[in-house]
Amino acid sequence: MENAVTLNNVKKSFKDFQLDNISFSVKKGFITGFIGPNGSGKTTTIKLMMNLISQDSGSLTMFGRDHAEHAKHLKQRIGFVYAENHFYEHLTVRQMKRVIASFYREWDEELFVKYMDYFALPWKKKIKHLSTGMKMKFSLACALSHHPDLIIMDEPTSGLDPVFRRELLTILTEVIQDENKTIFFSTHITSDLEQIADYITFIHNGKIILNDTKEALNDQYHIVRGANERMDEDARHMFIYARETSVGFEGLTNQPEKIRRKMGQHTVLEPASLEDIMVYTTRSERYA
Ligand SMILES: Nc1ncnc2c1ncn2[C@@H]1O[C@H](COP(=O)(O)OP(=O)(O)OP(=O)(O)O)[C@@H](O)[C@H]1O
(Lines give C-alpha, C1' and ligand atoms only; values in the text may rest on other atoms or scores of the structure.)
Protein backbone atom coordinates (compact mmCIF):
# COMPACT_ATOMS: atom_id res chain seq x y z
CA MET A 1 0.00 0.00 0.00
CA GLU A 2 1.30 3.41 -0.97
CA ASN A 3 2.26 5.96 1.67
CA ALA A 4 1.35 9.64 1.38
CA VAL A 5 3.75 10.51 4.20
CA THR A 6 6.57 8.51 5.78
CA LEU A 7 8.52 9.54 8.86
CA ASN A 8 11.65 7.58 9.58
CA ASN A 9 13.44 8.00 12.92
CA VAL A 10 12.48 11.65 13.15
CA LYS A 11 13.88 13.47 16.14
CA LYS A 12 13.12 17.00 17.29
CA SER A 13 14.26 18.34 20.66
CA PHE A 14 13.06 21.34 22.58
CA LYS A 15 14.27 22.30 26.02
CA ASP A 16 11.74 20.17 27.92
CA PHE A 17 10.44 17.87 25.23
CA GLN A 18 11.56 15.64 22.43
CA LEU A 19 10.02 13.76 19.57
CA ASP A 20 11.90 10.56 20.13
CA ASN A 21 12.99 9.00 16.82
CA ILE A 22 9.45 8.59 15.61
CA SER A 23 8.63 6.41 12.61
CA PHE A 24 5.21 5.95 11.05
CA SER A 25 3.43 6.31 7.74
CA VAL A 26 0.18 7.87 6.57
CA LYS A 27 -1.53 5.60 4.04
CA LYS A 28 -2.61 7.09 0.76
CA GLY A 29 -6.37 7.06 0.15
CA PHE A 30 -7.40 6.83 3.79
CA ILE A 31 -8.34 8.97 6.79
CA THR A 32 -5.83 8.76 9.64
CA GLY A 33 -6.67 10.18 13.04
CA PHE A 34 -3.79 11.45 15.14
CA ILE A 35 -4.47 11.23 18.88
CA GLY A 36 -2.54 11.78 22.07
CA PRO A 37 -2.82 13.68 25.35
CA ASN A 38 -2.01 17.40 25.69
CA GLY A 39 1.63 18.12 25.03
CA SER A 40 2.37 14.69 23.52
CA GLY A 41 3.82 16.11 20.28
CA LYS A 42 0.92 16.22 17.79
CA THR A 43 1.32 19.84 16.70
CA THR A 44 5.11 19.48 16.58
CA THR A 45 4.74 16.46 14.28
CA ILE A 46 2.28 18.33 12.06
CA LYS A 47 4.59 21.38 11.92
CA LEU A 48 7.40 19.07 10.81
CA MET A 49 5.17 17.62 8.10
CA MET A 50 4.30 21.14 6.95
CA ASN A 51 7.98 22.08 6.93
CA LEU A 52 7.26 24.92 9.37
CA ILE A 53 10.05 23.57 11.58
CA SER A 54 12.93 21.21 10.73
CA GLN A 55 13.80 17.91 12.33
CA ASP A 56 17.15 17.46 14.11
CA SER A 57 17.61 14.05 12.46
CA GLY A 58 15.70 11.40 10.52
CA SER A 59 13.83 11.64 7.25
CA LEU A 60 10.37 12.78 6.21
CA THR A 61 9.04 11.98 2.75
CA MET A 62 5.80 12.95 1.07
CA PHE A 63 4.56 11.10 -1.98
CA GLY A 64 8.01 9.54 -2.10
CA ARG A 65 9.91 12.86 -2.16
CA ASP A 66 11.99 14.46 0.57
CA HIS A 67 9.64 17.05 2.06
CA ALA A 68 12.22 19.80 2.63
CA GLU A 69 13.91 19.45 -0.77
CA HIS A 70 10.57 19.57 -2.60
CA ALA A 71 8.77 21.89 -0.21
CA LYS A 72 7.48 24.28 -2.86
CA HIS A 73 6.00 21.57 -5.05
CA LEU A 74 4.57 19.64 -2.08
CA LYS A 75 2.84 22.72 -0.57
CA GLN A 76 0.72 22.85 -3.74
CA ARG A 77 -0.50 19.32 -3.00
CA ILE A 78 -1.38 19.91 0.67
CA GLY A 79 -4.49 21.52 2.12
CA PHE A 80 -3.61 22.69 5.62
CA VAL A 81 -6.15 23.52 8.30
CA TYR A 82 -4.58 24.87 11.43
CA ALA A 83 -6.23 25.82 14.73
CA GLU A 84 -4.17 28.98 15.29
CA ASN A 85 -5.25 30.75 12.16
CA HIS A 86 -2.62 32.16 9.85
CA PHE A 87 -4.74 34.89 8.25
CA TYR A 88 -4.29 38.66 8.12
CA GLU A 89 -6.84 39.86 10.64
CA HIS A 90 -7.45 43.26 9.01
CA LEU A 91 -8.46 41.84 5.61
CA THR A 92 -11.98 40.90 4.59
CA VAL A 93 -12.78 37.30 3.69
CA ARG A 94 -12.77 38.25 -0.02
CA GLN A 95 -9.38 40.00 0.24
CA MET A 96 -7.84 37.15 2.22
CA LYS A 97 -9.15 34.62 -0.29
CA ARG A 98 -7.41 36.57 -3.09
CA VAL A 99 -4.10 36.38 -1.22
CA ILE A 100 -4.45 32.63 -0.61
CA ALA A 101 -5.75 31.84 -4.12
CA SER A 102 -2.70 33.52 -5.69
CA PHE A 103 -0.42 30.86 -4.15
CA TYR A 104 -2.12 27.91 -5.81
CA ARG A 105 -1.90 26.85 -9.43
CA GLU A 106 -4.98 24.61 -9.08
CA TRP A 107 -7.20 27.15 -7.32
CA ASP A 108 -10.85 26.44 -8.17
CA GLU A 109 -12.92 29.61 -7.72
CA GLU A 110 -16.18 27.85 -8.51
CA LEU A 111 -15.53 25.28 -5.78
CA PHE A 112 -14.57 28.00 -3.30
CA VAL A 113 -17.82 29.89 -3.99
CA LYS A 114 -19.69 26.62 -3.44
CA TYR A 115 -18.07 26.17 0.01
CA MET A 116 -18.69 29.86 0.87
CA ASP A 117 -22.40 29.32 0.18
CA TYR A 118 -22.49 25.94 1.89
CA PHE A 119 -20.83 27.33 5.04
CA ALA A 120 -22.83 30.60 4.81
CA LEU A 121 -19.64 32.63 5.11
CA PRO A 122 -19.77 36.43 4.77
CA TRP A 123 -17.54 37.77 1.96
CA LYS A 124 -17.33 41.29 3.36
CA LYS A 125 -16.56 40.58 7.02
CA LYS A 126 -13.07 41.19 8.31
CA ILE A 127 -11.20 38.08 9.45
CA LYS A 128 -10.90 39.52 12.97
CA HIS A 129 -14.70 39.66 13.23
CA LEU A 130 -15.25 36.00 12.33
CA SER A 131 -16.17 33.56 15.09
CA THR A 132 -13.90 30.56 15.82
CA GLY A 133 -16.21 28.28 13.85
CA MET A 134 -16.37 30.69 10.90
CA LYS A 135 -12.56 30.95 10.79
CA MET A 136 -12.32 27.18 10.77
CA LYS A 137 -14.91 26.97 7.96
CA PHE A 138 -13.02 29.60 5.97
CA SER A 139 -9.75 27.78 6.55
CA LEU A 140 -11.35 24.54 5.38
CA ALA A 141 -12.93 26.19 2.30
CA CYS A 142 -9.49 27.54 1.31
CA ALA A 143 -7.76 24.22 1.98
CA LEU A 144 -10.23 22.23 -0.14
CA SER A 145 -10.46 24.72 -3.03
CA HIS A 146 -7.05 24.04 -4.52
CA HIS A 147 -7.74 20.31 -4.97
CA PRO A 148 -5.10 19.03 -2.54
CA ASP A 149 -4.04 15.38 -2.58
CA LEU A 150 -3.26 15.47 1.13
CA ILE A 151 -5.32 17.30 3.74
CA ILE A 152 -3.55 17.91 7.05
CA MET A 153 -5.55 19.37 9.90
CA ASP A 154 -4.53 20.26 13.43
CA GLU A 155 -7.57 19.89 15.68
CA PRO A 156 -10.08 21.06 13.08
CA THR A 157 -13.10 20.21 15.21
CA SER A 158 -12.04 22.06 18.35
CA GLY A 159 -14.26 25.07 18.98
CA LEU A 160 -16.93 23.82 16.60
CA ASP A 161 -20.54 23.22 17.56
CA PRO A 162 -21.84 19.63 17.18
CA VAL A 163 -23.87 20.53 14.08
CA PHE A 164 -20.89 21.80 12.13
CA ARG A 165 -18.64 19.09 13.53
CA ARG A 166 -20.93 16.53 11.97
CA GLU A 167 -21.03 18.51 8.70
CA LEU A 168 -17.25 18.58 8.67
CA LEU A 169 -17.10 14.81 9.12
CA THR A 170 -19.57 14.39 6.23
CA ILE A 171 -17.44 16.65 4.02
CA LEU A 172 -14.31 14.67 4.88
CA THR A 173 -16.10 11.40 4.10
CA GLU A 174 -17.12 12.85 0.71
CA VAL A 175 -13.59 14.08 -0.02
CA ILE A 176 -12.07 10.67 0.73
CA GLN A 177 -14.37 8.97 -1.82
CA ASP A 178 -11.65 10.00 -4.27
CA GLU A 179 -9.09 7.30 -3.54
CA ASN A 180 -6.22 9.57 -4.51
CA LYS A 181 -6.93 11.83 -1.54
CA THR A 182 -5.48 11.35 1.93
CA ILE A 183 -6.57 12.96 5.18
CA PHE A 184 -4.48 13.21 8.34
CA PHE A 185 -5.88 15.06 11.32
CA SER A 186 -5.24 15.48 15.01
CA THR A 187 -8.08 15.63 17.47
CA HIS A 188 -9.04 15.14 21.09
CA ILE A 189 -12.55 14.11 20.09
CA THR A 190 -12.02 10.38 19.69
CA SER A 191 -15.72 9.76 18.94
CA ASP A 192 -15.21 11.64 15.63
CA LEU A 193 -12.53 9.12 14.73
CA GLU A 194 -14.72 6.16 15.73
CA GLN A 195 -17.03 7.44 12.97
CA ILE A 196 -14.70 8.23 10.11
CA ALA A 197 -11.06 7.18 10.62
CA ASP A 198 -9.52 4.19 8.83
CA TYR A 199 -6.19 4.40 10.66
CA ILE A 200 -5.22 5.64 14.11
CA THR A 201 -1.81 6.98 15.10
CA PHE A 202 -1.34 7.44 18.83
CA ILE A 203 1.48 9.54 20.23
CA HIS A 204 2.42 9.80 23.90
CA ASN A 205 5.41 11.63 25.44
CA GLY A 206 6.92 12.15 21.99
CA LYS A 207 6.78 8.43 21.12
CA ILE A 208 4.49 6.67 18.67
CA ILE A 209 2.63 4.05 20.70
CA LEU A 210 0.23 2.79 18.03
CA ASN A 211 -0.20 3.10 14.29
CA ASP A 212 -2.78 0.67 12.99
CA THR A 213 -6.17 0.29 11.36
CA LYS A 214 -9.15 1.11 13.55
CA GLU A 215 -10.48 -2.43 12.95
CA ALA A 216 -7.24 -4.01 14.20
CA LEU A 217 -7.40 -1.88 17.36
CA ASN A 218 -11.05 -2.81 17.87
CA ASP A 219 -10.19 -6.52 17.57
CA GLN A 220 -7.14 -6.36 19.76
CA TYR A 221 -7.85 -3.91 22.57
CA HIS A 222 -10.39 -4.91 25.21
CA ILE A 223 -11.57 -3.64 28.55
CA VAL A 224 -11.66 -6.48 31.09
CA ARG A 225 -13.65 -6.53 34.33
CA GLY A 226 -13.78 -9.21 36.97
CA ALA A 227 -13.40 -10.25 40.58
CA ASN A 228 -10.10 -9.46 42.29
CA GLU A 229 -9.42 -13.11 43.10
CA ARG A 230 -9.02 -13.81 39.36
CA MET A 231 -6.10 -11.39 39.19
CA ASP A 232 -2.58 -12.67 39.93
CA GLU A 233 0.98 -11.79 38.92
CA ASP A 234 0.77 -13.81 35.67
CA ALA A 235 -2.48 -12.15 34.63
CA ARG A 236 -1.20 -8.70 35.53
CA HIS A 237 1.46 -9.02 32.79
CA MET A 238 -1.28 -9.39 30.18
CA PHE A 239 -2.66 -5.96 30.96
CA ILE A 240 -1.45 -2.63 29.66
CA TYR A 241 -3.03 -1.10 32.73
CA ALA A 242 -5.27 -2.50 35.45
CA ARG A 243 -6.62 -1.15 38.68
CA GLU A 244 -8.16 -3.07 41.52
CA THR A 245 -10.83 -1.64 43.81
CA SER A 246 -13.00 -3.14 46.54
CA VAL A 247 -15.60 -4.17 43.93
CA GLY A 248 -13.21 -5.81 41.47
CA PHE A 249 -10.63 -5.01 38.82
CA GLU A 250 -10.86 -3.17 35.50
CA GLY A 251 -8.10 -3.02 32.92
CA LEU A 252 -7.02 -2.68 29.32
CA THR A 253 -5.44 -5.56 27.43
CA ASN A 254 -4.25 -6.21 23.90
CA GLN A 255 -4.18 -9.97 24.55
CA PRO A 256 -7.90 -10.80 24.85
CA GLU A 257 -7.58 -14.48 23.92
CA LYS A 258 -4.88 -15.14 26.51
CA ILE A 259 -6.96 -13.37 29.15
CA ARG A 260 -10.03 -15.43 28.21
CA ARG A 261 -8.06 -18.64 28.57
CA LYS A 262 -6.41 -17.59 31.81
CA MET A 263 -9.27 -15.87 33.61
CA GLY A 264 -12.18 -17.93 32.40
CA GLN A 265 -15.83 -17.23 31.94
CA HIS A 266 -16.46 -15.10 34.96
CA THR A 267 -14.54 -12.23 33.47
CA VAL A 268 -16.23 -9.70 31.18
CA LEU A 269 -14.40 -8.52 28.06
CA GLU A 270 -15.65 -5.81 25.75
CA PRO A 271 -13.96 -3.96 22.88
CA ALA A 272 -12.20 -0.83 24.12
CA SER A 273 -13.09 2.58 22.70
CA LEU A 274 -10.30 4.83 21.40
CA GLU A 275 -10.80 6.93 24.51
CA ASP A 276 -10.30 3.84 26.72
CA ILE A 277 -7.13 2.97 24.81
CA MET A 278 -5.79 6.50 25.16
CA VAL A 279 -6.67 6.94 28.84
CA TYR A 280 -5.41 3.56 30.06
CA THR A 281 -2.27 3.57 27.94
CA THR A 282 -1.39 7.01 29.23
CA ARG A 283 -1.67 5.69 32.80
CA SER A 284 0.48 2.65 32.09
CA GLU A 285 4.01 2.57 33.45
CA ARG A 286 4.97 0.64 30.32
CA TYR A 287 4.67 3.82 28.25
CA ALA A 288 5.75 6.38 30.85
N1 LIG B 1 8.97 26.08 19.91
C2 LIG B 1 8.97 25.38 21.04
N3 LIG B 1 9.91 25.60 22.00
C4 LIG B 1 9.93 24.88 23.13
N5 LIG B 1 9.04 23.91 23.43
C6 LIG B 1 8.07 23.65 22.53
C7 LIG B 1 7.99 24.38 21.29
N8 LIG B 1 6.93 23.89 20.59
C9 LIG B 1 6.39 22.92 21.36
N10 LIG B 1 7.06 22.77 22.51
C11 LIG B 1 6.78 21.80 23.59
O12 LIG B 1 6.67 20.52 23.02
C13 LIG B 1 5.68 19.75 23.70
C14 LIG B 1 4.72 19.17 22.69
O15 LIG B 1 3.90 20.21 22.19
P16 LIG B 1 2.83 19.99 21.04
O17 LIG B 1 2.19 21.32 20.76
O18 LIG B 1 3.46 19.28 19.89
O19 LIG B 1 1.79 19.01 21.74
P20 LIG B 1 0.31 18.58 21.32
O21 LIG B 1 0.26 17.09 21.38
O22 LIG B 1 -0.08 19.21 20.02
O23 LIG B 1 -0.53 19.18 22.52
P24 LIG B 1 -2.05 19.74 22.60
O25 LIG B 1 -2.93 18.56 22.48
O26 LIG B 1 -2.10 20.33 23.96
O27 LIG B 1 -2.23 20.75 21.49
C28 LIG B 1 5.05 20.67 24.73
O29 LIG B 1 5.64 20.40 25.98
C30 LIG B 1 5.42 22.06 24.25
O31 LIG B 1 5.56 22.94 25.33
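First listed ligand is number 1; within each ligand, the first listed atom is number 1. Quick note: numbers below take in every heavy atom, side chains included, and nothing from hydrogens, waters or symmetry partners.
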Shortest protein heavy-atom distance from [atom], along with the residue and atom involved:
atom	answer
atom 14 (C) of ligand 1	Gly39 O, 3.5 Å
atom 18 (O) of ligand 1	Thr44 OG1, 2.6 Å
atom 3 (N) of ligand 1	Phe14 CD2, 3.6 Å
atom 13 (C) of ligand 1	Phe17 CG, 3.4 Å
atom 17 (O) of ligand 1	Thr43 CB, 3.5 Å

State plainly whether the residues [X] and [Y] are in salt-bridge range, i.e. N to O under 4.0 Å.
X	Y	value
Glu109	Lys97	yes
Glu270	Arg225	yes
Lys28	Glu2	yes
Asp232	Lys262	yes

**Prompt:** Taking all non-hydrogen atoms of both residues, which atom of Ser54 and which atom of Lys12 are closest, and how far apart?
**Reply:**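 Heavy atoms only, the tightest pair is O-NZ, 2.9 Å.
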
**Message:** To check you understand the geometry: which heavy-atom pair defines the closest contact between Asp154 and Ser186, and what is its length?
**Reply:**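 Closest approach of Asp154 to Ser186, heavy atoms only: OD1-OG, 2.6 Å.
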
Heavy-atom contacts with [X] under 4.0 Å: which atoms of ligand 1 show up? List them by number with element.
X	result
Glu155	25 (O), 27 (O)
Asn38	23 (O), 24 (P), 25 (O), 26 (O)
His188	25 (O)
Ser40	19 (O), 20 (P), 21 (O)
Lys42	18 (O), 19 (O), 20 (P), 21 (O), 22 (O), 23 (O), 24 (P), 25 (O)
Pro37	21 (O)

**Request:** Return yes if a side-chain donor-acceptor contact under 3.5 Å exists between Asn211 and Thr201, otherwise no.
**Result:**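 The criterion, which ignores hydrogens and geometry beyond distance, is satisfied for Thr201 and Asn211.
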
Do ligand 1 and [X] have nitrogen or oxygen atoms that lie under 3.5 Å from each other?
X	answer
Gly41	yes
Gly36	no
Lys15	no

**Request:** Give a yes or no on whether atom 8 (N) of ligand 1 lies under 4.0 Å from any heavy atom of the protein.
**Result:**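 Given the 4.0 Å cut-off, atom 8 (N) of ligand 1 counts as touching protein heavy atoms.
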
**Asked** Applying a strict 4.0 Å limit to heavy atoms, is Lys47 in contact with ligand 1?
**Response**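 No.
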
**Asked** Under 30°, 30 to 60°, or over 60°: which ring-plane class applies to His90 and Tyr88, parallel, tilted or perpendicular?
**Response**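 Answer is tilted, since the angle falls between 30° and 60°.
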
**Request:** Could you list the residues that satisfy side chain to side chain donor-acceptor pair (under 3.5 Å) with Ser13, not counting sequence neighbours?
**Result:**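 Gln18.
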
**Request:** Taking atom CZ of Phe103 as the centre, report whether more than 12 heavy atoms of other residues, nucleotides or ligands fall under 6.0 Å from it.
**Result:**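 Count not over threshold, so no.
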
